[in-house]
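Here is the naming used below: chain letters follow the sequence lines, and residue numbers restart at 1 for every chain. Computed from heavy atoms alone, side chains included, the values below leave out hydrogens, waters and symmetry copies.
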Amino acid sequence: MKSSVPETALELVAVSRSFGRNEAVKDVSLAVMPGEIVCLVGHSGCGKSSLLRIISGIDRQDRGVVRLRGREVAGPDVFVEPELRNIGFMFQDYALFPHLNVEENLRFGLRGMARKEMDQRVAMILDLVGLGALTGRYPHMLSGGEQQRVALARALAPEPDLLLMDEPFSNLDRGLREKLRHDTLSLLKSLGTTVVMVTHDPEEALSAGNKVVLMRAGAVVQSGSAYDIYDRPASAYAADFFTAFNKLPGTVRHGRIETPIGAFATALPEGSSATAYIRPHEIALEADANGAGTIRERLMMGEIEQLTVEVPGLAEPLRVRLMQRPPLDVARVAIRVRNEAVLSFPRD
Amino acid sequence: MKTVSTNSAAGITAAGITPPAMAKIRAFRGSGSGWLAAGAIIALAAILPFVALALQAVQGSAGLWPHLLSSILPVALRDTLILLGSVAVLTALLGTTLAWLVTAYDFRGRRLLEWALLLPLAVPTYIIAYAYLDLLHPIGPLQGAIRWLLGYASPREFRLPDIRSTAGCILLLSLVLYPYVYMPVRAMFLMQSSTLLEASRTLGVSRRGMFWRVALPLARPAVAVGVSLALMEALNDVGAAEFLGVRTLTVSIYTTWITRSDLPGAAQIALLLLLLVVALVSLERWARRRQRYTTGMQRSRPLEPRRLPALAGFGLLLAGLLPVLLGFAVPVSHLAAEAFARWQFAGISPRIFSEARNTIVLSCLATLLTVGCGLAVAYACRVRPGRLAATALRLASSGYAAPGTVIAIGVLIIAAGTDQFVDRMAQAWLGVSTGLVLIGSGAALVFAYATRFLAISAGSIDAGLARVNPSLDHAARSLGRTANNTLFSVHLPLTRPAIAAGALLVFVDCVKELPATLLLRPLNFETFATHLYGEAARGTYEEASIAALAIVAVGILPVIVLSRIGRR
């Protein structure tokens with residue numbers, strides 16, 4: 001470890017963990033830089049929560065190494081107990097101590113600190129999350145949103161080197177969730193806290209972090225910025241996870257994948273079977289009495305309108321999402337898709 | 001992958017990168033492994049008496065078995081089985097009928113009856129036997145009154161059948177043991193969904209038929225649990241059977257050791273008794289093998305009890321109060337009257353006070369040890385879950401089914417061996433005799449109590465911990481608390497009610513405990529229970545009624561707790 005190399009806040013090297021026959025985490029490597037907010041995303045049971053437990057020290061991996069600020073905290077011969085890692089953990093169910101009031105919950109992680117300093121810290125953190133009026137309340141007297149803020153404040157109070165959040169917003173109502181997500185993340189960004197959070201919500205994963213790590217069956221499928229992973233999914237699985245695509249089967253000829261609505265450039269091998277992936281909002285429709293598409297259904301969704309368009313030769317009709325709805329009397333349409341908007345993956 | 005040793009960790013610290021909280025790096029010992037080790041040691045200690053018992057029984061001189069087989073066992077085994085069988089039938093009948101009475105019908109005084117039916121639980125078997133022996137004595141108050149009414153002059157002309165018989169013992173045991181059946185069966189009836197019962201009505205089953213065809217079959221597992229608990233208490237009993245002249249296995253163990261000083265012989269009978277308990281537990285498991293079929297409907301509306309007309313309701317209330325009268329009110333008021341008379345006559349002697357102190361100190365020490373061990377075993381399951389911790393919990397709980405006499409003989413073997421060894425060593429090296437250290441100090445007795453009642457404390461603490469969300473543990477750890485500290489700052493405050501309830505039950509059981517106390521108490525050390533036993537065995541009835549009353553008063557405490565739980 002040279003000082004010239006920028007130090008990672010967290011580094012996982014080939015971490016694996018099995019429960020009986022079930023491999024919950026498979027060979028996961030990951031580097032998180034200080035101040036980064038990383039989102040682990042995947043369907044439930046993909047190993048993302050297991051990974052958080054390993055990082056925090058609640059659980060121990062079978063193989064691989066965990067380093068915090070360059071120091072090994074869990075490896076074949078080393079294990080640092082969770083209470084010595086200086087990692088904050090925010091739980092899905094918040095895990096507020098029911099026998100302690102808000103202030104006592106905050107003080108719980110500050111033991112050993114001088115009284116005066118502790119008072120200052122508690123006052124500051126209460127102010128930060130806007131809980132000043134609730135200090136004497138017990139957890140069962142708080143609303144879901146208030147509990148979430150107490151949990152966040154409690155995890156932040158000891159000024160952890162790393163904050164882990166397990167589905168931190170999933171227990172909130174939809175409207176409240178978006179507001180609290182925004183408030184929480186802007187607070188964490190302003191504090192420069194390093195965060196690893198887990199979510200199963202694709203939209204949340206894309207909007208929350210600097211970096212998105214998509215997991216499947218214990219392994220990392222793809223990681224990168226939200227733009228990378230959304231615009232350039234490396235696999236059909238990654239593409240499907242974030243968007244409900246129109247999938248058009250076709251064959252590759254002359255470097256293009258041929259589909260009933262046109263041929264699009266692809267790098268896939270000549271002659272192979274492939275699927276063209278097209279996002280519903282990347283399809284443009286033009287009124288055309290001789291067009292290939294017939295509008296079968298219109299679904300008004302507020303800002304946008306979703307149309308179901310039947311195309312001869314396609315088993316599944318196309319789903320199209322438009323900001324500008326076509327006139328109601330239009331039935332036949334011509335279909336236009338930009339070449340760059342089409343992704344192609346091999347078909348098995 | 002290069003592992004970072006403590007040296008390079010220090011290097012990083014010197015570079016000023018490591019915050020102080022992370023300075024300690026150590027090899028994985030896993031915090032909480034101390035608890036696991038403690039749990040394992042406690043579990044081993046808890047089964048030690050059984051191991052000692054088995055070893056002693058196997059080593060016992062070969063000449064003993066023929067004697068045991070021919071003279072003692074046939075009678076003892078026959079009497080024990082008759083007793084168990086009859087008590088099983090009687091408690092099942094009483095407990096189930098009474099439970100149905102208070103759940104299927106509504107009448108004036110039902111709430112009171114529901115609670116009052118638990119009261120006989122406060123009367124230990126040896127106390128009801130003691131009270132009725134006195135009450136029904138040929139020259140006692142009841143027979144005297146009958147003779148006076150009928151105009152007979154002396155007991156020679158008229159007397160009731162002697163209570164000192166197997167039938168009398170069966171009746172008296174059942175009168176105080178039926179609540180063990182009544183409680184779970186009533187809970188089961190309350191849980192049964194009214195829709196099931198109503199469905200049976202629409203299918204042409206009468207209200208009475210509903211009991212036989214739906215409610216009772218569904219409650220069968222609860223009956224099995226209750227009866228097995230009642231039988232374990234019956235097996236544990238040494239006082240009632242002896243006072244009433246029934247030579248059960250338990251009594252045989254006691255006399256084999258006390259009157260013949262034959263430890264191997266006592267160990268052999270104890271082992272037999274233990275086998276009987278194992279058979280009983282297996283029978284109970286078998287009887288409730290399909291217990292699952294009532295779950296899933298627990299949330300539904302319970303059966304609406306049928307409102308009875310005033311007169312019929314009054315009749316039912318009287319019928320329902322009869323067991324309370326015979327199993328609690330009559331013996332307890334007799335004891336109270338006797339105690340009052342004694343107090344009027346001679347005041348309360350200092351002996352009673354010293355016994356009270358002995359009883360309380362002994363029971364408190366045992367409760368402290370039992371709850372402490374129970375906490376360790378249960379918390380080990382929490383911090384280090386796995387097969388080892390679960391096995392430790394199960395082994396530590398194995399004493400619950402063993403009669404006090406069996407455990408006492410096992411502890412006696414260990415304690416006597418240890419005491420002899422210590423004494424011999426002290427004499428050889430120091431030239432002084434230490435005497436009986438473990439038995440003389442009461443340590444052996446406290447150990448026996450702990451072994452017998454560990455299941456109660458470990459069970460209730462384990463149940464209490466199970467209600468604490470595991471993420472609270474993780475939260476505490478990630479906020480810088482060790483496993484030990486988490487116990488004190490999170491679990492103890494949250495499980496205090498469960499721990500207190502367990503401690504109360506253990507304390508009361510220690511106060512009531514007779515057989516182990518008799519066998520293991522230090523010389524000239526009397527508790528309420530042993531005092532009562534002594535007077536009853538001699539046929540004197542002086543101050544024992546005060547002692548008996550005190551035991552019953554303590555025994556009422558858990559009844560109050562239980563009645564609250566039953567009501568939700």
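Residue D473(B): no heavy atom, backbone or side chain, is found under 4.5 Å from chain A. Proximity to chain A involves both the backbone and the side chain of S489(B), based on heavy atoms less than 4.5 angstrom apart. Of the two parts of L96(A), only the backbone, made up of N, CA, C and O, holds a non-hydrogen atom closer than 4.5 Å to a non-hydrogen atom of chain B. Interface remark: R53(A) contributes side-chain atoms only to the contact with chain B (heavy atom separation under 4.5 Å).
Here D59(A) contributes atom CG and H474(B) contributes atom NE2; the two are 8.5 Å apart, rounded to the nearest 0.5 Å. Here the straight-line distance linking atom CG of N86(A) with atom OG of S478(B) works out to 10.5 Å at 0.5 Å rounding. With rounding to the nearest 0.5 Å, the separation of CZ in R107(A) from CG in L479(B) is 14.5 Å. Interatomic distance, S471(B) OG to I58(A) CD1, rounded to the nearest 0.5 Å: 9.0 Å. Atom-to-atom distance recorded for T486(B):OG1 and F97(A):CZ is 7.5 Å, nearest 0.5 angstrom.
Chain A forms more heavy-atom pairs under 4.5 Å with one residue of G480(B), P493(B), P470(B) than with any other, namely G480(B). Contact count versus chain B (heavy atoms, under 4.5 Å) is highest, among Q92(A), M90(A), R111(A), for R111(A).
At a threshold of 4.5 Å between non-hydrogen side-chain atoms, the residues L472(B) and F91(A) do not count as touching.
By the 6.0 Å contact criterion, CG on D119(A) is enclosed, its count of non-hydrogen atoms from other residues, nucleotides or ligands being greater than 12.
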Worksheet item: So T482(B) and E81(A), side-chain contact (heavy atoms from CB on, under 4.5 Å) or not? Walk me through it.
Response: CA-CA 8 Å; T482(B) 61; E81(A) 294 293 336; over 6 Å; no

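Checked for salt-bridge contact, E83(A) and R477(B) meet the test: a charged N lies under 4.0 Å from a carboxylate O.
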